[in-house]
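Heads up, the thing below is written out as structure tokens.
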Amino acid sequence: MTEAILLVGGKGTRLRPLTVHTPKPMVPAAGVPFLTHQLARARAAGVEHIVLATSYLAEVFEPYFGDGSALGLHLEYVTEEEPLGTGGAIRNVASRLHSAPGDPVLIFNGDILTGLDIEALVDTHRTTGADVSLHLTKVADPRAFGLVPTDGTGRVTAFLEKPQTPEEIVTDQINAGAYVFNRSVIDTIPAGRPVSVERETFPGLLESGAHLQGMVDSTYWLDLGTPHAFVRGSADLVLGRAPSPAVPGRCGDRLVMDTAEVAPDAKITGGSAVGPRARIGAGARVDGSAVLEGAVVEPGARVRDSLIGAGAHIGARTVLEGAVIGDGARVGADNELREGIRVWCDAEIPAASVRFSSDQ
Ligand code: GDD
Ligand code: MG
């Protein structure tokens, strides 16, 4: 049996407009809290025991997921009093693991949507005899990630978290946020203080001659850290581009929850998800977006690549493109809100107040 640790203690500040009461892993993506997809994928790969390492807004996880039996899992929760960083969080849950020193333990960043073949990562770990194995992916701009160059056999030669200078950008291979650790390696992380696995543990292991193995897998991969990525990920789950056994119902152009009300001539496309009790008015168009629980989109509104928080209200004929509307916010009729705009939870924008179109 393989067991896993899921890191869900980060603040997710970039999703802040939506996350005043909800930590990022609990924001619904394709109809269910995002974390459900990661848990269900781990279960499908044979993982039975998962420890959630939590810190920020920790109290919301357990009431929702309970002991994990609904997902066929045994779930445990450990809450840090002060955030311990990624490495500190891993060390802090070590006493809950059942694995023996040489056994493999899976570790996942809690904000990644991926089609990674988890069993292949564990196999790579076993066959190479590595101390730690890492899923690597290639991205066009690696600056926001951990850079992981490897030699001809896939063995990791360096780990450079968030490179600052052009000279440091030595590869387009990045740490994709899924690891297999030998249990004994977890026990070597110092306890009781913050530790970054990326800045301290990995470089330290390399220096001491440990074997870190990279597995490049070019399957679907997305870090949902920004609202834009979150909306994209939700739509890709609905469309079936990002594989998850937890998407309710069948994949397709849209996911409309049973209790949502959608006017017959409203157009919901591009993997949009419409949450429970949400309402979409006549002639409205919603494309590649997520409309969360109880939100209202009035007639004639046009919504693209946007996230509309729970209970938010979008007025008639209003245009949203690449917008994030916080829970409970009210955007009046005839507004135009474009790329990058963030409307805070419960904020109000009166009718006909904002436009972006040309002055001609
Ligand atoms: N329990 C706990 N405590 N979890 C934490 C803490 C903490 O103090 N800090 C961060 N986490 C969790 C976050 O919730 C997230 O799931 C994961 O650890 C990674 O943290 P992020 O804050 O999302 O890091 P990042 O996206 O900037 O970078 C990480 O992920 C990249 C891939 O998306 C690094 O691992 C990079 O090396 C990697 O390339
Ligand atoms: Mg992240």
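As a basis for the values below, the full set of heavy atoms in this structure was taken, side chains included, without hydrogen atoms, waters or symmetry mates. Just follow the structure's listing: the first ligand is 1, and inside any ligand the first atom is 1.
- Close approach to Val8 involves these atoms of ligand 1, each under 4.0 Å from a residue heavy atom: 14 (O).
- Close contacts of ligand 1 with Pro83, meaning ligand atoms under 4.0 Å from a residue heavy atom, involve 8 (O).
- The closest non-hydrogen atom to atom 32 (C) of ligand 1, taken over Val197, Asn175, Leu136, Leu160, comes from Asn175.
- Ion pair Lys138/Asp172 flagged as a salt bridge, since at least one NZ, NE, NH1 or NH2 atom sits closer than 4.0 Å to an Asp/Glu carboxylate oxygen.
- Leu147 places none of its side-chain heavy atoms less than 4.5 Å from the side chain of Phe159.
- Applying the 4.0 Å criterion to heavy atoms of Thr86 picks out, from ligand 1, the atoms 10 (C), 18 (O).
- Shown in contact with Glu198 at under 4.0 Å from a heavy atom are these atoms of ligand 1, numbered in order with element: 34 (C), 35 (O), 37 (O).
- Remark: ligand 1 and Gly9 share an N or O pair separated by less than 3.5 Å (distance only, no angle test).
- For Asp287 and Thr269, the side-chain atoms include at least one donor-acceptor pair closer than 3.5 Å.
- Among the candidates Glu198, Glu200, Arg199, the single residue satisfying the side-chain hydrogen bond (donor to acceptor under 3.5 Å, both in side chains) test with Ser196 is Glu198.
- At distances below 3.5 Å, not a single donor-acceptor pair connects side-chain atoms of Arg277 with backbone N or O atoms of Gly311.
- Around the Mg ion (ligand 2), the two atoms OD2 of Asp111 and OD2 of Asp223 are separated by an angle of 110°, to 10 degrees.
- Looking at Gln173 and Thr150, their side chains do bring a donor and an acceptor atom within 3.5 Å of each other.
- Interface atoms of ligand 1 facing Tyr179, defined by a heavy-atom separation under 4.0 Å, are 35 (O).
- Residue-ligand proximity, Leu7 to ligand 1, at heavy-atom distances under 4.0 Å covers atoms 12 (C), 14 (O), 15 (C), 16 (O), 18 (O).
- Ligand-side atoms of ligand 1 in range of Phe145: 31 (C), 32 (C), 33 (O), 39 (O), range being under 4.0 angstrom from any heavy atom.
- Side chains of Ser289 and Ser272: no donor on one and acceptor on the other come within 3.5 Å.
- Close contacts between ligand 1 and Ala53 involve ligand atoms 1 (N) [criterion: under 4.0 Å to a heavy atom].
- Note on ligand 1: Gly85 sits in its first shell, one or more heavy atoms being nearer than 4.0 Å.
- In this comparison of Leu224, Asn109, Leu52, the heavy atom closest to atom 17 (C) of ligand 1 sits on Asn109.
- Of the N or O atoms in Gly146, one or more lie within a sub-3.5 Å distance of an N or O in ligand 1.
- Residue Glu80 has at least one N or O atom closer than 3.5 Å to an N or O atom of ligand 1.
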Carefully, step by step, assess Val297 and Val303 under the rule side-chain contact (heavy atoms from CB on, under 4.5 Å). CA-CA 9 Å; Val297 175; Val303 178; 4.2 Å; yes
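- Donor-acceptor pairing under 3.5 Å is recorded for the side chains of Glu76 and His49.
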